J.: 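Please read through the structure below; I'll follow up with questions.
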2 protein chains.
Amino acid sequence: MAKHEWHAEALRGKGYRLTPQRVMVLAALGKREGHMSVEELYEQVRRQYAYIDLATVYRSLQLLTKLHLVAEIRAGTTSRYELVHPEQRHHHMVCEECSAAFDLPPHYLDDLKARLVQEVGFEPHMEHFSLSGLCSKCRHAQGGDVS
Amino acid sequence: MAKHEWHAEALRGKGYRLTPQRVMVLAALGKREGHMSVEELYEQVRRQYAYIDLATVYRSLQLLTKLHLVAEIRAGTTSRYELVHPEQRHHHMVCEECSAAFDLPPHYLDDLKARLVQEVGFEPHMEHFSLSGLCSKCRHAQGGDVS
DNA sequence: TTAGTTGCAAACGCTTTGCACCCAG
DNA sequence: CTGGGTGCAAAGCGTTTGCAACTAA
């Protein structure tokens with residue numbers, strides 16, 4: 001079963017309609033390794049179905065995010081989205097220079113989260129978490145200057 | 001010398017004009033412990049000078065942020081601002097429930113940053129960093145359900 | 001059949017910009 | 001005096017919403 005079909009089934013299982021638009025959104029997300037901006041997603045889906053509306057893409061992403069079938073990653077001002085694969089939780093690092101995205105193994109933040117809950121009493125919500133900075137490639141290219 | 005005067009001097013020292021509007025923005029920021037939204041700042045300044053324009057507030061914050069005299073804290077979609085005190089670096093935790101803001105001692109993130117640079121080669125930029133989640137008060141009020 | 005979903009267009013909230021006037025240096 | 005800064009109004013941009021038509025179940 002293709003990558004996105006699991007998600008489509010989950011959608012129906014929860015009582016929502018499986019419309020062509022939603023399938024296309026899921027398929028587009030499934031075609032990419034990393035996360036996509038709404039605009040990228042929109043362009044991608046439009047190649048299959050020219051009449052889809054941006055609002056529909058937004059509404060689909062909203063629904064899918066609510067159901068935890070896709071994850072919303074806030075990078076700077078705008079959001080990016082990717083399929084959720086429950087067995088491979090991770091967070092993100094986005095390079096400010098080249099926009100490349102990297103996965104951040106969960107244990108880094110789990111440690112931080114545990115310490116914060118214990119020592120400060122604050123429970124951070126890290127589902128939509130991402131760090132921005134410089135990837136190793138761009139770091140070396142720039143000679144390591146820190147802003 | 002009052003809290004914000006140091007910042008005003010720094011502004012002039014770098015060759016920018018010290019206008020009443022900028023002084024008022026700095027003063028408003030200095031009056032508060034935590035960070036303020038642009039709107040709060042605007043309302044505050046308007047009490048002294050009814051004709052200030054929102055655009056001026058935005059432009060002042062942009063300049064001050066560029067000069068590292070104020071820090072921009074991204075909380076969810078919008079930004080909040082506070083005076084920078086170089087000797088007391090810290091990051092932020094913002095409660096999603098009650099919007100209260102807490103300071104996060106730098107060592108928590110310094111650890112994380114060091115590990116990331118060493119182990120993954122990624123250098124996160126944490127100047128404008130904040131965590132959102134639930135503060136201890138709201139956590140207990142809600143009975144600890146995690147979304 | 002019929003409630004959930006879509007396309008369309010308009011509105012929204014926050015932020016930025018163009019421009020003529022103004023004032024800090 | 002003069003160029004940087006301001007007020008004003010309008011535009012920009014990503015996102016959301018109201019509504020009539022449509023369609024998955």
Side-chain angles (χ1 to χ4, degrees), chain A residues 5 7-28 35-67 69-70 72-81 99 128, chain B residues 5 7-28 35-67 69-70 72-81 99 128:
Chain A
E5 290 185 11
H7 300 84
E9 282 315 310
L11 233 197
R12 286 179 68 194
K14 303 202 183 193
Y16 294 90
R17 290 196 192 160
L18 193 47
T19 64
Q21 291 88 338
R22 288 174 181 173
V23 173
M24 287 187 287
V25 167
L26 285 170
H35 24 65
M36 303 172 72
S37 69
V38 175
E39 203 59 31
E40 286 166 347
L41 211 31
Y42 178 50
E43 296 302 338
Q44 176 77 32
V45 173
R46 266 222 289 203
R47 273 176 223 146
Q48 301 183 239
Y49 172 57
Y51 304 122
I52 194 165
D53 195 88
L54 231 200
T56 301
V57 175
Y58 274 105
R59 285 188 281 227
S60 300
L61 288 171
Q62 240 171 227
L63 175 64
L64 294 167
T65 299
K66 189 179 73 182
L67 301 180
L69 298 177
V70 319
E72 178 187 10
I73 296 118
R74 280 196 254 268
T77 303
T78 39
S79 291
R80 303 177 66 82
Y81 297 85
S99 294
H128 309 318
Chain B
E5 289 186 11
H7 301 83
E9 281 315 310
L11 234 197
R12 285 180 68 194
K14 303 202 183 193
Y16 293 91
R17 289 198 191 159
L18 193 46
T19 65
Q21 290 88 340
R22 287 173 181 174
V23 172
M24 289 186 287
V25 167
L26 285 170
H35 25 63
M36 302 173 72
S37 69
V38 175
E39 204 58 32
E40 287 165 345
L41 211 31
Y42 178 50
E43 295 302 339
Q44 176 77 32
V45 173
R46 267 223 288 202
R47 274 176 222 146
Q48 302 181 238
Y49 172 56
Y51 304 122
I52 195 166
D53 195 89
L54 231 200
T56 301
V57 175
Y58 274 105
R59 285 187 281 226
S60 300
L61 288 171
Q62 242 172 226
L63 176 65
L64 293 167
T65 300
K66 189 179 72 183
L67 301 180
L69 299 177
V70 320
E72 179 188 9
I73 297 117
R74 280 194 256 265
T77 302
T78 38
S79 291
R80 303 177 67 82
Y81 297 85
S99 294
H128 308 319

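Just so we're clear, the structure is a prediction, and the values are computed from it rather than from any experiment. Order of the sequence lines sets the chain letters (A, B, ...), proteins ahead of strands, with each chain counted from 1.
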J.: Check the phosphate of D:dT23 against A:Gln21, side-chain N and O only, distance under 4.0 Å to OP1 or OP2. Yes or no?
T.: no
J.: Does a side-chain heavy-atom distance below 4.5 Å link B:Thr78 with B:Val38?
T.: no
J.: Which residues in residues 46-55 of chain B have at least one heavy atom lying under 4.0 Å from any atom of DNA chain C?
T.: B:Leu54, B:Ala55
J.: Polar atoms only, N or O, under 3.5 Å: list the protein pairs with nucleotides 19-25 of chain C and their distances.
T.:
{"residue": "C:dG25", "atom": "OP1", "partner": "B:Leu18", "partner atom": "N", "Å": "3.2"}

J.: Kindly calculate the angle separating the two end axes of the helix from C:dT1-D:dA25 to C:dG25-D:dC1, each obtained from five base pairs, and round it to 10 degrees.
T.: 40°
J.: Working to the nearest 0.5 angstrom, can you tell me the gap between B:Leu18 CG and B:Glu9 CD?
T.: 7.0 Å
J.: Using atom types as modelled, flag every donor-acceptor pair under 3.5 Å from a side chain in residues 45-63 of chain A to any protein atom, sequence neighbours excluded.
T.:
{"residue": "A:Arg47", "atom": "NH1", "partner": "A:Gln44", "partner atom": "OE1", "Å": "3.3"}
{"residue": "A:Asp53", "atom": "OD2", "partner": "A:Ala55", "partner atom": "N", "Å": "2.8"}
{"residue": "A:Ser60", "atom": "OG", "partner": "A:Thr56", "partner atom": "O", "Å": "2.8"}

J.: Would you mind checking if A:Glu40 and A:Arg80 are paired as a salt bridge, meaning a charged N to carboxylate O distance below 4.0 Å?
T.: yes
J.: Grab the two heavy atoms, one from A:Val25 and one from A:Leu41, that are nearest each other, plus how far apart they are.
T.: O-CD1, 4.1 Å
J.: The criterion is side chain to side chain donor-acceptor pair (under 3.5 Å); which residues satisfy it with B:Thr19, sequence neighbours excluded?
T.: none
J.: Any idea which heavy atoms bring A:Ser79 and A:Glu72 closest together, and the distance?
T.: OG-OE2, 2.9 Å
J.: For A:Arg22 and B:Glu39, take the nucleotide of DNA chain C holding the closest heavy atom to each; which residue's nucleotide lies nearer the 5' end?
T.: A:Arg22
J.: Please check the phosphate of C:dT6 (OP1 and OP2 only) for any side-chain N or O of A:Thr56 closer than 4.0 Å.
T.: no
J.: Are the side chains of A:Glu39 and A:Glu43 in touch, meaning some heavy atoms are under 4.5 Å apart?
T.: yes
J.: If you look only at pairs with a residue in residues 13-25 of chain B, which of them pass as a salt bridge (Lys or Arg N to Asp or Glu O under 4.0 Å), with sequence neighbours excluded?
T.: none
J.: Specify the closest pair of heavy atoms between B:Leu69 and B:Leu11, including all atoms of both residues, with the distance to one decimal.
T.: CD1-N, 4.0 Å
